[in-house]
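Some notes on the structure that comes next.
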Amino acid sequence: MLSDPPDVVALARGLLGARLTVRGAGGLIIETEAYARDDPASHSYRGPTPRNRAMFGPAGHAYIYRIYGLHLCLNVVGRPGEAVLIRAIWPDTGLEAMRARRPTGALCAGPGRLAQALGLQLGDDGRAFGEADFTLTLPDQPPGAVLVGPRIGIRLAADRPWRFGLAGVEGLSRPFPTPPRV
DNA sequence: CTTACGATTCCCT
DNA sequence: GGGAATCGTAAGC
């Protein structure tokens with residue numbers, strides 16, 4: 001999978017509706033963000049470092065990092081220096097284990113929340129998707145309507161509309177901007 | 001409903 | 001030593 005990955009913005013859209021599971025827990029990806037190589041908001045912007053080295057490794061692997069000293073965030077690596085942040089999934093598998101890890105609040109709406117619900121560890125950084133306990137399966141058919149908006153929580157390049165979500169689903173991390181009304 | 005803030009780790013300047 | 005791709009809680013409107 002992803003041996004000839006598309007550009008990271010297309011990859012971010014293409015991952016909507018994909019099935020993600022980690023050690024028997026997971027669901028369908030409903031919200032993503034693209035981070036490009038030449039992108040001031042991307043961890044890869046200044047080149048490889050110990051933290052971001054998975055971003056320069058093989059496509060289809062995980063890039064996992066700690067954010068704000070507290071939470072973990074999961075990305076799918078695209079071409080070198082590109083990654084897609086998984087911001088929300090619709091959880092449907094291993095619900096009991098996920099709820100045990102997150103006893104209260106939204107299970108998987110938000111990158112830190114879903115990382116906690118899936119039981120991801122910093123040790124999973126760089127892992128290849130495609131093993132039995134670490135799967136990523138692209139959707140059979142393209143998703144329906146896709147919401148587009150600016151990426152969340154960044155300072156630089158905040159105007160790039162590289163956040164994508166499935167329309168009409170519950171469990172997005174935050175609402176998308178209301179489209180202009182005609 | 002919205003906004004504000006503290007928690008806490010680690011990488012980079 | 002600064003600051004970060006966040007979350008939960010609290011307070012204000």
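A, B, ... follow the sequence lines: proteins, then strands. Residue 1 opens every chain.
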Might you list the N or O atoms of the protein lying below 3.5 Å from N or O atoms in nucleotides 7-11 of chain B, with each pair's distance?
from   : atom 1 : to     : atom 2 : distance (Å)
dT8(B) : O2     : Y68(A) : O      : 2.4
dT9(B) : O4'    : G69(A) : O      : 3.0
dT9(B) : O2     : G69(A) : N      : 3.4

Just wondering, do R127(A) and I64(A) contact through their side chains at under 4.5 Å, heavy atoms?
-> no
Result for 5'-nearest mapping on DNA chain C, choosing between R113(A) and A41(A), is A41(A)
Validation row: H61(A), F134(A) side chains within 4.5 angstrom (heavy atoms) = no
Output the residues of residues 95-111 of chain A in contact with DNA chain C, where contact means a heavy atom of the residue under 4.0 Å from an atom of the strand; sort by number or write none.
-> R102(A), G110(A), P111(A)
Answer whether the closest heavy-atom distance between the side chains of S42(A) and M55(A) falls below 4.5 Å.
-> yes
Would you sketch DNA chain B in dot-bracket for me? Only Watson-Crick or G-U wobble pairs with both distances under 3.5 Å count, crossing pairs as [ ], other-strand pairs as |, the rest as dots.
-> |||||||.||||.
Would you check if P91(A) and R102(A) make a side-chain contact, meaning some heavy-atom pair closer than 4.5 Å?
-> no
Would a distance-only check, ignoring hydrogens and angles, find a side-chain to backbone donor-acceptor pair under 3.5 Å from R113(A) to A109(A)?
-> yes
Which atom pair, heavy atoms only, marks the closest approach of F176(A) to F164(A)?
-> CZ-C, 3.5 Å
Only counting residues at least two apart or in another chain, list the ones meeting side-chain hydrogen bond (donor to acceptor under 3.5 Å, both in side chains) with D39(A).
-> R151(A)
For A157(A) and P40(A) the tightest heavy-atom approach is CB-CD, 4.0 Å
In short, C108(A) meets M98(A) closest at the heavy-atom pair SG-SD, 3.9 Å
With distance as the sole test, does Q116(A) use its side chain to make a donor-acceptor pair with the main-chain N or O of H71(A) at under 3.5 Å?
-> no
How far does CG of L166(A) sit from CG of L16(A), to the nearest 0.5 angstrom?
-> 5.0 Å
Residue pair D125(A) / R53(A), side-chain heavy-atom distance below 4.5 Å = yes
Starting at the 5' end of DNA chain C and moving along, which residue's nearest nucleotide shows up first, Y35(A) or Q116(A)?
-> Y35(A)
Check every nucleotide of DNA chain C for an atom under 4.0 Å from a heavy-atom of chain A, then give the first and the last such nucleotide from 5' to 3'.
-> dA4(C) to dG8(C)
On a whole-Å scale, what distance lies between the P atoms belonging to dA5(C) and dT13(B)?
-> 14 Å
Contacts of Y68(A) meeting side-chain contact (heavy atoms from CB on, under 4.5 Å) (sequence neighbours excluded), chain-then-number -> none
With a 4.0 Å cut-off on heavy atoms, is I152(A) in touch with a base, just the backbone sugar-phosphate, or nothing at all?
-> sugar-phosphate
